[in-house]
Amino acid sequence: MPVVRSLVFISRLIHAGARPEDDEDLRLRLSLLNLTSLLFAPAALVWLVLGHQFAPGFSTIHGALLPSLVLLNYALFPRHRRFSAYRGGQLGLMLAFPLANLITQAPTPATSGLALWAVVAPACALLTAGNTAPNLWFVGFLALTALSAGIAPEAGSPAFTALHVALVSGVLYPVLSFALRQRGRTRARLAAAHRQLRHEQDRSERLLLNILPAPIAARLKEQSGTIADGHPEVVVMFADIVNYTRIASDMPPTQVFALLNRIFCRFDELTEERGLERIKTIGDGYMVAGGLNAHPREPHAAAASLAIAMQATLRDAGITDGLTLELRIGIASGPVVAGVVGRGKFIYDLWGDTVNLAYRLCTEGEPSVIQCDGRMFERLRNAFVFAKPLLLFLKGKGYVPVYRLKSPRVFSVSPASRRHATEAA
């Protein structure tokens with residue numbers, strides 16, 4: 001626990017003056033400047049102590065002034081919170097430290113290599129300032145180094161030169177190491193945020209594709225205007241569960257929803273298998289279309305097959321919970337207009353006489369009957385069995401010939417043909 005408390009204390013020192021509302025970039029630059037300040041001042045004091053001990057005539061009081069101001073500036077920042085002024089003050093004090101000591105100190109071996117301290121300022125500026133400011137600090141470093149060269153110590157000291165190299169390295173290396181670790185953590189957070197963003201984007205894509213056909217969803221993302229297209233030949237099918245409201249009246253709401261959801265989920269599977277598009281559900285009604293966008297070339301046969309499969313679904317006791325349920329189905333084909341309706345809560349819908357006819361064929365039909373219009377019959381008469389046509393009065397249409405779909409047509413194969421196929425195999 002003492003180690004944990006120490007780490008917490010050090011973290012507080014490094015992040016002193018930071019606030020929760022600060023952006024991540026400011027927090028990082030502030031922590032790097034704080035760390036540089038906290039390392040620079042003690043390192044300078046180590047030099048002062050050793051200089052006082054081993055260099056006669058060395059003045060500790062003069063040398064301690066700038067490091068003390070660095071610590072004072074660090075302590076005052078949380079009060080005024082002006083980062084630019086704080087950074088400028090700290091970098092200026094660090095840059096002036098070697099020249100000020102060369103001027104105020106008597107020439108002694110302790111000042112040998114002292115000019116190296118000025119490199120801390122441009123290095124820290126690279127980590128905490130903008131794009132151009134570090135260049136100015138580097139120019140200042142070169143200028144002060146040139147001035148320092150004219151103030152040579154009385155006698156060079158390899159030991160003190162090595163000391164200065166070690167102390168400056170002891171400031172820069174932890175700061176650079178901290179910066180690299182923070183950058184790695186930032187990259188990890190950005191990568192995690194990117195993965196989360198991709199996950200949310202994929203989820204949004206899936207939700208959008210549950211509402212709209214894929215080609216329409218792609219167009220909606222690329223354009224904000226009206227999306228509406230005319231299609232010359234589209235198959236539209238309406239299916240309605242007969243008396244579902246009455247049957248469900250004695251059931252709990254959750255059971256009503258669970259049963260309807262199970263039935264419609266199965267219808268969705270059957271629709272997707274045939275390459276058709278579920279347009280919408282209305283209560284216990286189900287609307288499907290074929291021939292839109294990238295739908296199959298033979299949507300008429302696909303819709304007929306779907307209608308027969310949907311009828312069979314309601315005969316499956318495992319799906320209907322043993323209830324006796326029947327479908328009325330109406331199918332019509334012809335031109336439609338398809339488009340996106342709404343802004344925030346948009347839907348993909350169809351309009352036209354073909355849609356109205358399919359709906360009427362459904363609502364005017366009998367239980368367990370699939371009613372088709374003449375265009376569907378002409379397309380499918382050779383592949384499916386139909387009952388004799390009836391004349392049905394439809395509101396707004398008058399008497400219309402209606403063809404009741406029975407089953408797929410089974411083609412017989414002669415014994416000779418079967419023998420020929422067997423011999424060829």
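Atom CG of Leu7 has more than 12 heavy atoms from other residues, nucleotides or ligands within 6.0 Å. Heavy atoms from other residues, nucleotides or ligands lying under 6.0 Å from CZ of Phe77 number more than 12. For NE2 of His52, the number of neighbouring non-hydrogen atoms (other residues, nucleotides, ligands) closer than 6.0 Å is 12 at most. Sparse packing is recorded around CZ of Phe138, with 12 or fewer heavy atoms of other residues, nucleotides or ligands lying under 6.0 Å away. Open room surrounds NE2 on His194; 12 or fewer heavy atoms of other groups in view lie less than 6.0 Å from it.
Rounding to the nearest 0.5 angstrom, the gap separating the SG atom in Cys372 from the CG atom in Leu380 is 7.0 Å. From Cys265, atom SG reaches atom CG of Leu260 across 9.5 Å, with rounding to the nearest 0.5 Å. Leu392 contributes atom CG, which lies 7.5 Å from atom CG of Leu361 (distance to the nearest 0.5 angstrom). To the nearest 0.5 Å, atoms CZ (Arg266) and CG (Asn261) are separated by 14.0 Å. Distance check: Trp137 CH2 to Met94 CE gives 9.5 Å after rounding to the nearest 0.5 Å. We find the CZ-OG distance between Phe377 and Ser333 to be 13.0 Å, quoted to the nearest 0.5 Å.
Sorted by first then second residue, the side chain to side chain donor-acceptor pair (under 3.5 Å) pairs that include residues 169-180, not counting sequence neighbours, are Ser177-Arg181.
Looking at heavy atoms from C-beta onward, Gln90 lies in side-chain contact with Tyr74 at the 4.5 angstrom threshold. In this structure, His164 and Trp117 have side chains that are in contact, with non-hydrogen atoms separated by less than 4.5 Å. Using a 4.5 Å cut-off on side-chain heavy atoms (C-beta onward), Asn34 and Leu30 make contact. Between Asn356 and Trp351 the shortest side-chain heavy-atom distance does not fall below 4.5 Å. Contact annotation: the side chain of Thr245 approaches that of Asp284 to within less than 4.5 Å [non-hydrogen atoms, C-beta and beyond]. Counting only heavy atoms from C-beta outward, the side chains of Tyr86 and Leu76 never approach each other to under 4.5 Å. Asn101 has its side chain within reach of Trp47: a pair of non-hydrogen atoms, C-beta onward, lies under 4.5 Å apart. When side chains are defined from C-beta on, Ile308 counts as touching Pro408, because their heavy atoms get closer than 4.5 Å.
In plain terms, the two heavy atoms of Leu126 and Pro134 that are nearest each other are CD2-CB, 3.6 Å. Residues Thr354 and Val234 share a closest heavy-atom pair of CG2-O, 4.0 Å. Of all heavy-atom pairs between Leu350 and Ala289, the closest is CD1-CB, 3.6 Å. Here the shortest heavy-atom pairing between Leu167 and Ala43 reads CD1-O, 3.5 Å. Minimum heavy-atom separation, Thr161 to Ser112: OG1-OG, 2.8 Å. In plain terms, the two heavy atoms of Leu32 and Ala179 that are nearest each other are CD2-CB, 3.7 Å.
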*Hey, mind stepping through Arg81 and Arg19 against side-chain contact (heavy atoms from CB on, under 4.5 Å) and telling me if it holds?*
CA-CA 10 Å; Arg81 286 277 303 167; Arg19 291 181 179 176; 3.5 Å; yes

*Decide yes or no on side-chain contact (heavy atoms from CB on, under 4.5 Å) for Arg278 and Phe267, but give the supporting numbers first.*
CA-CA 9 Å; Arg278 185 192 76 175; Phe267 287 176; over 6 Å; no

*Kindly determine whether Phe97 and Phe40 satisfy ring-ring contact (aromatic ring centres under 6.0 Å, His included), including the steps that lead there.*
CA-CA 10 Å; Phe97 175 73; Phe40 180 88; 5.5 Å; yes

*Can Tyr286 and Phe264 be said to form a ring-ring contact (aromatic ring centres under 6.0 Å, His included), step by step?*
CA-CA 8 Å; Tyr286 193 87; Phe264 282 175; 5.3 Å; yes

*Kindly determine whether Thr281 and Met287 satisfy side-chain contact (heavy atoms from CB on, under 4.5 Å), including the steps that lead there.*
CA-CA 6 Å; Thr281 61; Met287 179 181 179; over 6 Å; no

*Start with the C-alpha distance between Glu378 and Arg375, add both sets of side-chain angles, then the distance that settles salt bridge (Lys or Arg N to Asp or Glu O under 4.0 Å), and finish with yes or no.*
CA-CA 5 Å; Glu378 292 299 328; Arg375 294 177 71 144; over 6 Å; no

_Run Arg379 and Asp373 through salt bridge (Lys or Arg N to Asp or Glu O under 4.0 Å) and show every step you take._
CA-CA 10 Å; Arg379 289 280 190 140; Asp373 71 340; over 6 Å; no

*asked:* Applying side-chain contact (heavy atoms from CB on, under 4.5 Å) to Ile319 and Leu314, what does each step give before you reach the verdict?
replied: CA-CA 7 Å; Ile319 292 179; Leu314 293 196; 5.6 Å; no

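Ion pairing of Arg27 with Glu24 is absent here, as no side-chain N (NZ or NE/NH1/NH2) approaches a carboxylate O to less than 4.0 Å. Salt-bridge formation is not detected for the pair Arg29/Asp23: no Lys NZ or Arg NE/NH1/NH2 atom is positioned less than 4.0 Å from an Asp or Glu carboxylate oxygen. Salt bridge present: Asp321 and Arg262 bring a charged side-chain N and a carboxylate O closer than 4.0 Å.
Proximity of a side-chain donor or acceptor of Ser11 to a complementary backbone N or O of Val8 within less than 3.5 Å is not detected. Side chain of His80 to main chain of Arg82: a donor-acceptor pair is present (N/O by atom type, distance under 3.5 Å, no hydrogens or angles). In this structure a side-chain-to-backbone donor-acceptor pair under 3.5 Å is missing from Asn73 to Leu69. Remark: the backbone N or O of Leu33 is paired with a side-chain donor or acceptor of Ser37 at under 3.5 angstrom. A donor-acceptor distance shorter than 3.5 angstrom exists from the side chain of Ser31 to the backbone of Leu28, with no hydrogens or angles considered.
For the side-chain contact (heavy atoms from CB on, under 4.5 Å) with Val288, the qualifying choice from Ile279, Leu306, Leu270 is Leu306, the only one to do so.
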Only pairs under 3.5 Å count here: list side-chain donor-acceptor contacts from residues 323-331, not counting sequence neighbours, and write none if there are none.
unit_1	atom_1	unit_2	atom_2	d
Glu326	OE2	Ser368	OG	2.9
Arg328	NH2	Asp240	OD2	2.9

